[in-house]
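Accompanying notes for the structure given below.
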2 protein chains.
Amino acid sequence: MDERKTALIFKAFCDENRIRIIEMLRSGEKCACKLLEELNVTQPTLSHHMKILCDSGIVTGRKEGKWTHYSISPEGAEYACKCLKELTTIDS
Amino acid sequence: MDERKTALIFKAFCDENRIRIIEMLRSGEKCACKLLEELNVTQPTLSHHMKILCDSGIVTGRKEGKWTHYSISPEGAEYACKCLKELTTIDS
DNA sequence: ATAACATATAGATAATTGTCAATAGATAAA
DNA sequence: TTTATCTATTGACAATTATCTATATGTTAT
């Protein structure tokens with residue numbers, strides 16, 4: 001197992017603002033500007049978090065004109081669940 | 001949802017050494033000194049990581065004389081899985 | 001072309017975290 | 001009761017990360 005890669009995935013969930021972002025995305029795809037409205041951070045900070053979330057595979061971005069729409073990646077989420085389950089399963 | 005508490009849980013999985021520790025515990029309960037043998041960190045550093053792992057609920061410690069035996073908490077792991085699933089489920 | 005807007009990047013800084021050396025506490029053995 | 005052993009705590013430091021301001025890039029509308 002690649003510990004570095006696994007750590008990268010779960011970095012998505014170890015910051016409060018990123019958890020808030022993921023929660024906002026549960027109700028469907030959202031534009032960065034919409035997310036920005038609801039978080040007390042500046043636009044570059046949001047951008048930074050979105051990069052980490054995308055790198056983790058949990059979130060994907062879709063560019064449309066000047067906007068970027070972000071959403072939860074079902075595949076990424078599924079993979080994270082699989083990792084977590086595997087990692088915490090006691091083999092007897 | 002309490003984002004701070006959720007972040008605390010997933011802190012367990014966002015450091016390479018902690019992931020290695022969890023992996024070692026998959027094969028069953030292990031003493032701190034045994035874990036220490038296989039990680040390139042000092043004893044206080046291990047102790048620090050064990051605290052974070054226990055605080056996350058993923059790992060529990062059992063004191064027996066001078067030794068502390070650590071193991072994966074099935075309840076903690078289950079709860080983390082539940083959180084992760086909930087957090088990444090798109091409600092439509 | 002220019003202006004307005006959305007997002008990303010660069011660079012700086014503050015906060016957090018991972019690490020170590022030194023030491024304390026607790027237990028077992030002599 | 002001293003000594004040895006295992007783990008936790010403290011304090012310092014280095015590395016990483018979250019944040020900001022300023023600026024660049026890319027897109028649409030005028």
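Protein chains get the first letters and strands the later ones, always in sequence-line order, with residue 1 at the start of each.
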Task: Value in whole Å for how far the P atom of C:dA8 lies from CG of A:L35 - done: 11 Å
TODO: Return the residues of residues 43-56 of chain B meeting this criterion: a heavy atom under 4.0 Å from some atom of DNA chain C. Order them by number, or give none.
DONE: B:P44, B:T45, B:H48, B:H49, B:I52
- [ ] Specify the separation, in whole Å, of atom NZ of A:K11 and atom C1' of C:dG18.
- [x] 12 Å
Open item on the list: Need one value for A:K34: base, sugar-phosphate or nothing, where a base atom within 4.0 Å counts as base even if backbone is also close, heavy atoms only.
Closed with: nothing
Task: Flag side-chain contact, heavy atom, 4.5 Å: A:E78 against A:K82 - done: no
Open item on the list: Assuming nearest nucleotide by heavy-atom distance, tell me which of A:E64 and A:D15 is located more 5' along DNA chain D.
Closed with: A:D15
Open item on the list: By the definition side chain to side chain contact (heavy atoms under 4.5 Å, CB included), identify the one residue from B:K30, B:M50, B:E29 that meets it with B:Y70.
Closed with: B:M50
Task: Side-chain N,O (B:Y70) to OP1/OP2 (D:dA8) below 4.0 Å - done: yes
Task: Rounded distance in Å - CD (A:E16) to C1' (C:dT16) - done: 13 Å
Open item on the list: When you compare the side chain of B:E38 with that of B:R20, does any pair of heavy atoms fall below 4.5 Å?
Closed with: no
Open item on the list: Please tell me if A:N40 has a side-chain N or O lying less than 4.0 Å from either OP1 or OP2 of D:dT19.
Closed with: no
Open item on the list: From CG of B:L39 over to C1' of C:dC20, roughly how many Å is that when rounded to an integer?
Closed with: 15 Å
Open item on the list: Tell me the interatomic distance from B:I21, atom CD1, to C:dT19, atom C1', rounded to whole angstroms.
Closed with: 13 Å
TODO: For C:dG25, take OP1 and OP2 only and decide whether either is under 4.0 Å from a side-chain N or O of B:K66.
DONE: no
Task: Along DNA chain D (nearest heavy atom to each residue), the more 5'-positioned of B:T68 and A:V41 - done: B:T68
Open item on the list: Could you tell me if the side chain of B:L39 sits less than 4.5 Å from the side chain of B:M24, heavy atoms only?
Closed with: yes
Task: Between D:dT7 (P) and B:R62 (CZ): distance, integer Å - done: 12 Å
TODO: Please work out which of the three classes, parallel, tilted or perpendicular, describes the rings of B:F13 and A:F10, given edges at 30° and 60°.
DONE: tilted
Open item on the list: Looking at A:R62 and A:E64, is there a salt bridge between them, counting it only when a charged N and a carboxylate O are closer than 4.0 Å?
Closed with: yes
- [ ] Would you kindly give the NZ-to-P distance between B:K63 and C:dA28, to the nearest whole Å?
- [x] 10 Å
TODO: Would you indicate whether B:N40, at its atom CG, is surrounded by more than 12 heavy atoms from other residues, nucleotides or ligands within a distance under 6.0 Å?
DONE: no
- [ ] Measure from CG on A:L36 to P on C:dC5 and round the result to the nearest Å.
- [x] 15 Å
